[in-house]
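In what follows, a structure is listed as structure tokens, so that the remarks can point back to it.
Here, residue 1 is the first one in the sequence, and each next residue gets the next number. All values derive from a computational prediction rather than experimental measurement. The basis for the numbers below is simple: all heavy atoms, side chains too, and nothing from hydrogens, waters or symmetry mates.
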Amino acid sequence: MSRTNDTILDKERRRQQAQDDIHEELTEHSRKEEEEEDAAPVNERLDPTTMPDLYPDFDADTVETDDSWYVDPAFTPQIPLWQRRMQEQVVPHDSTLFDLCRVVVESSAKVDVLDVGDRCDWTSRMIVVEAKSSRHMHALTEDLLKAIKERNRAKGIEVTINVDGRESDDWVVVDLGSFVVHLMTPEAHQTYDLVKLWTTTIRAPTEEQE
């Protein structure tokens with residue numbers, strides 16, 4: 001009987017030892033997984049904010065993110081030179097409308113003033129502006145219109161402003177009645193060559209040409 005009891009106790013000890021070994025192995029395995037996860041690179045970890053389908057219970061509003069490491073409070077955006085000049089210029093409101101428009105566009109672009117009163121029946125003068133790019137052209141247009149409106153507001157007058165080509169990429173026309181402002185990209189300025197068109201003398205055809 002004593003031998004039988006010893007055998008049962010021995011089996012029970014071996015079974016308990018086996019369970020302890022298994023528990024120890026599982027604990028060690030879990031510990032290694034946690035260490036590997038902590039040591040994994042940031043770019044290899046799943047971000048709940050970018051994969052909400054995998055984390056339905058994740059609330060992004062409760063997470064505080066520190067973005068100070070990539071935001072430089074001393075950073076100043078670079079403004080193009082032509083735009084800085086336009087921001088710094090002061091246009092007197094008591095100037096004539098023609099002089100005001102000329103000052104605005106001459107601040108950062110090449111300008112030609114044409115007197116076409118003797119060959120044009122719908123305006124007397126033209127300001128032909130060659131901008132540096134399409135973006136520059138539209139910026140000049142907006143600054144021109146802003147200056148005109150501010151002048152009119154200061155004088156308490158209303159002037160009809162007809163703008164054609166606001167959606168164009170190469171040519172905008174601002175018609176102010178007695179004169180017209182053509183704002184063009186370098187490509188359009190070269191292609192249409194309004195300066196040559198309106199300054200070249202038109203000769204009557206000779207008898208041979210007829």
Side-chain angles (χ1 to χ4, degrees), residues 70-206 208-210:
Y70 67 86
V71 177
D72 185 2
F75 172 74
T76 302
Q78 298 298 316
I79 303 176
L81 178 60
W82 62 266
Q83 191 171 352
R84 293 202 303 270
R85 288 176 177 173
M86 294 181 70
Q87 293 174 348
E88 295 169 356
Q89 72 175 359
V90 178
V91 181
H93 293 299
D94 58 351
S95 62
T96 65
L97 184 58
F98 179 85
D99 291 337
L100 179 139
C101 293
R102 183 172 179 174
V103 169
V104 171
V105 296
E106 279 184 341
S107 63
S108 61
K110 177 182 177 183
V111 176
D112 290 290
V113 178
L114 310 178
D115 186 351
V116 296
D118 59 342
R119 60 179 63 188
C120 181
D121 57 0
W122 46 271
T123 193
S124 59
R125 288 183 291 182
M126 293 184 181
I127 301 177
V128 182
V129 184
E130 181 182 353
K132 296 178 175 64
S133 63
S134 179
R135 180 180 178 183
H136 183 207
M137 177 189 71
H138 285 291
L140 273 175
T141 302
E142 295 305 319
D143 286 329
L144 180 62
L145 296 177
K146 179 181 178 181
I148 294 172
K149 292 177 181 178
E150 289 180 351
R151 173 187 178 275
N152 293 347
R153 190 181 302 111
K155 287 181 171 291
I157 59 177
E158 293 185 3
V159 176
T160 302
I161 307 174
N162 297 314
V163 183
D164 187 18
R166 292 289 287 267
E167 305 300 326
S168 173
D169 292 331
D170 57 3
W171 190 355
V172 179
V173 180
V174 180
D175 186 353
L176 296 163
S178 61
F179 67 95
V180 176
V181 183
H182 296 273
L183 301 106
M184 315 173 79
T185 61
E187 296 77 13
H189 187 275
Q190 181 179 3
T191 300
Y192 300 105
D193 200 355
L194 296 184
V195 176
K196 181 178 180 180
L197 177 66
W198 287 101
T199 56
T200 301
T201 301
I202 302 177
R203 299 180 180 178
T206 61
E208 294 180 359
Q209 291 176 331
E210 293 178 348

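- Atom OH of Y192 is surrounded by 12 or fewer heavy atoms from other residues, nucleotides or ligands within 6.0 Å.
- The ring pair (Phe, Tyr, Trp, His ring centres under 6.0 Å) search around H138 returns none, not counting sequence neighbours.
- Of all non-hydrogen atoms in A131 and A109, the two that sit nearest each other are CA-CB, 4.5 Å.
- The two residues H189 and D112 have their closest heavy-atom pair at NE2-OD2, 4.2 Å.
- Checking I148, V111, T96, L145 one by one against C101, the side chain to side chain contact (heavy atoms under 4.5 Å, CB included) holds for a single residue, I148.
- Of all non-hydrogen atoms in S178 and S124, the two that sit nearest each other are O-OG, 2.7 Å.
- The minimum heavy-atom distance between V104 and A147, with the atom names listed, is CG2-CB, 3.8 Å.
- In this structure, V172 and M137 have side chains that are in contact, with non-hydrogen atoms separated by less than 4.5 Å.
- Each of V180, T123, L197, T199 was scored for a side chain to side chain contact (heavy atoms under 4.5 Å, CB included) with L114, with one residue passing: T199.
- In this view, K146 and E150 satisfy the side-chain contact (heavy atoms from CB on, under 4.5 Å) rule, not counting sequence neighbours.
- Scanning all heavy atoms of the two residues, the minimum distance from L97 to R151 falls at N-NH2, 3.6 Å.
- Minimum heavy-atom separation, R119 to W198: NH1-O, 3.1 Å.
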